[in-house]
Peer 1: 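Questions regarding the structure given below will be posed in turn.
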Protein chains: 2
Amino acid sequence: MTLAQRKPSSSQPATLSERLLDQLQDAIVEGDIASGEKLREPELAKRFGTSRGPLRDALRRLEARRLVTTTPNAGARVVALSNEQLIELFEVREGLEGMTARLAATSMTDQQLEDLEELLMLHAREVGRKKGREYFRQHGDLDFHFRIADACGNELLRHAVCVDHYQLMRMYRFKHSARKGRPHRALREHRRILEALQDRDGELAEILMRRHIRASRDAFETQLHEEALG
Amino acid sequence: MTLAQRKPSSSQPATLSERLLDQLQDAIVEGDIASGEKLREPELAKRFGTSRGPLRDALRRLEARRLVTTTPNAGARVVALSNEQLIELFEVREGLEGMTARLAATSMTDQQLEDLEELLMLHAREVGRKKGREYFRQHGDLDFHFRIADACGNELLRHAVCVDHYQLMRMYRFKHSARKGRPHRALREHRRILEALQDRDGELAEILMRRHIRASRDAFETQLHEEALG
DNA sequence: ACCCCGAATATTGTCGACAAAACGGCCTCT
DNA sequence: AGAGGCCGTTTTGTCGACAATATTCGGGGT
């Protein structure tokens, strides 16, 4: 089975509501709709050429993915994406993705491990070529963290990481470009995690994943500090 | 701002959709609607005396809480709640609640710690009186795990634990009554976690919480094994 | 000048009806 | 007898209109 067949995520949305979900999600994640902006149903419905029914459906799903917050009788807003919320996201990811790494060590197939190794080699070339700028913009199948969660063998966990919290993380990456030098370090940390997975050492894989996410968070906080100073 | 204002969770649902959410949730968690059952919109709308609009809204929210699964053009079903899925839930909880315990150690107020200690004393009396049967049926504010997540100071994490996964856990408790003796052990483990929190030792609190959840899981698996044998 | 209050407007919540898709039963053909 | 296709029924997806609630803007009072 090829990779394309295994994941029908790229298939066309069967329903209007799902297409709206994709479109709105991209618009929010990529910043076309500003962070914190009010989402008025009539306006959006007209803009996307549908009625309010499917639109409300899409908004509810976006709420599940943490991209909008809804208050009764007052409508929906794009999530704030404050620095505090991003720190919160790092903490959630540390708990969740630590566990994905632990489980992936025993549930990933040899083929999946080979594919993952190949991905890291691809990333190495990208980092070298583009000075590491675009490394963090990879998403979905091209994202190291996504791949591990996707193969951890626990559907509930996979959903929490790859659906519920993933788009928020992607949104963060769009707003904050990584600091110089961080991509190289991140790549080294990814390699070490891969080695632990190849050794089928779940305990170590979890420790390394958690340290890796903490390092990302530290880099983010350092960046904030530098920006605050000048 | 007082605590009562901060948490209007006990307030009446402002909208029909929210009331439906509560009613359906209870019906599913308490077993009135069987696990795996098909949820037909016209039937449910008639049963609860509303139209299909708010009902669909409620179903979407239940999907976010893992209580129903929806497939396009094929409708919604109550979650399966197989033994495998329950194991998955234990694994998610270990990652998530481990982190809540770590954070709670630094973010809980002295008052909250006192309240938590009081709760455990209440639980001790309950376990002694009712032979521990009802201990695991406590929920919401009366649940030790819920309280810790609620006070961990990370809203994203709190939501993941207390909203997204909590009802599924409650559903498990309704179906599988705890083994004899487990409540006493669980209570002891809860006390140790509380001690770590009182010491403001986040690292230890996380370790103890994870071991506690793993112990619950082990008890569950043992129970399964015994049932399988006879 | 500031605050409070009320009407006008805009937005959300709810409903019933229509269109499209899936499901089920029946018949035919091999 | 079993498999496969056809047709009626049921269920889901979508739409537009109405009701209820929030928001905004302007006026009056202190």
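Predicted model, so just to flag it, every value in this text is computed and none were measured. Letters go in sequence order (proteins before strands), and every chain restarts at 1.
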Peer 1: Of all residues at least two apart in sequence or in a different chain, which pass the side chain to side chain donor-acceptor pair (under 3.5 Å) check with B/Asp143?
Peer 2: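 Result, side chain to side chain donor-acceptor pair (under 3.5 Å) vs B/Asp143: B/Tyr166, B/Arg173.
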Peer 1: A/Glu41: what forms a side chain to side chain donor-acceptor pair (under 3.5 Å) with it, not counting sequence neighbours?
Peer 2: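 Result, side chain to side chain donor-acceptor pair (under 3.5 Å) vs A/Glu41: A/Arg52, A/Arg56.
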Peer 1: Just jot down the side chain to side chain donor-acceptor pair (under 3.5 Å) partners of B/Glu206, sequence neighbours excluded, or say none.
Peer 2: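 Partners of B/Glu206 by the side chain to side chain donor-acceptor pair (under 3.5 Å) criterion, ordered by chain and then number, come out as A/Arg210, B/Arg102.
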Peer 1: What are the atom names and distances for every N/O pair under 3.5 Å that joins the protein to nucleotides 9-14 of chain D?
Peer 2:
unit_1: D/dT11; atom_1: OP1; unit_2: B/Arg40; atom_2: NE; d: 3.4
unit_1: D/dT12; atom_1: OP1; unit_2: B/Leu39; atom_2: O; d: 3.4
unit_1: D/dT12; atom_1: OP2; unit_2: B/Glu41; atom_2: N; d: 3.0
unit_1: D/dG13; atom_1: OP1; unit_2: B/Asn73; atom_2: N; d: 3.0
unit_1: D/dG13; atom_1: OP2; unit_2: B/Arg56; atom_2: NH1; d: 2.8
unit_1: D/dG13; atom_1: OP2; unit_2: B/Arg56; atom_2: NH2; d: 3.0
unit_1: D/dG13; atom_1: O3'; unit_2: A/Thr15; atom_2: OG1; d: 3.0
unit_1: D/dG13; atom_1: N7; unit_2: B/Arg52; atom_2: NH2; d: 2.8
unit_1: D/dG13; atom_1: O6; unit_2: B/Arg52; atom_2: NH1; d: 3.0
unit_1: D/dT14; atom_1: OP1; unit_2: A/Thr15; atom_2: OG1; d: 2.9
unit_1: D/dT14; atom_1: OP1; unit_2: A/Leu16; atom_2: N; d: 2.3
unit_1: D/dT14; atom_1: OP2; unit_2: A/Thr15; atom_2: OG1; d: 2.8

Peer 1: With sequence neighbours left out, what residues match B/Glu117 under side chain to side chain donor-acceptor pair (under 3.5 Å)?
Peer 2: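 Residues passing side chain to side chain donor-acceptor pair (under 3.5 Å) with B/Glu117: B/Gln198.
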Peer 1: Which residues satisfy the side-chain contact (heavy atoms from CB on, under 4.5 Å) test with B/Ile87, sequence neighbours excluded?
Peer 2: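 Partners of B/Ile87 by the side-chain contact (heavy atoms from CB on, under 4.5 Å) criterion, ordered by chain and then number, come out as B/Glu91, B/Arg217, B/Phe220, B/Glu221.
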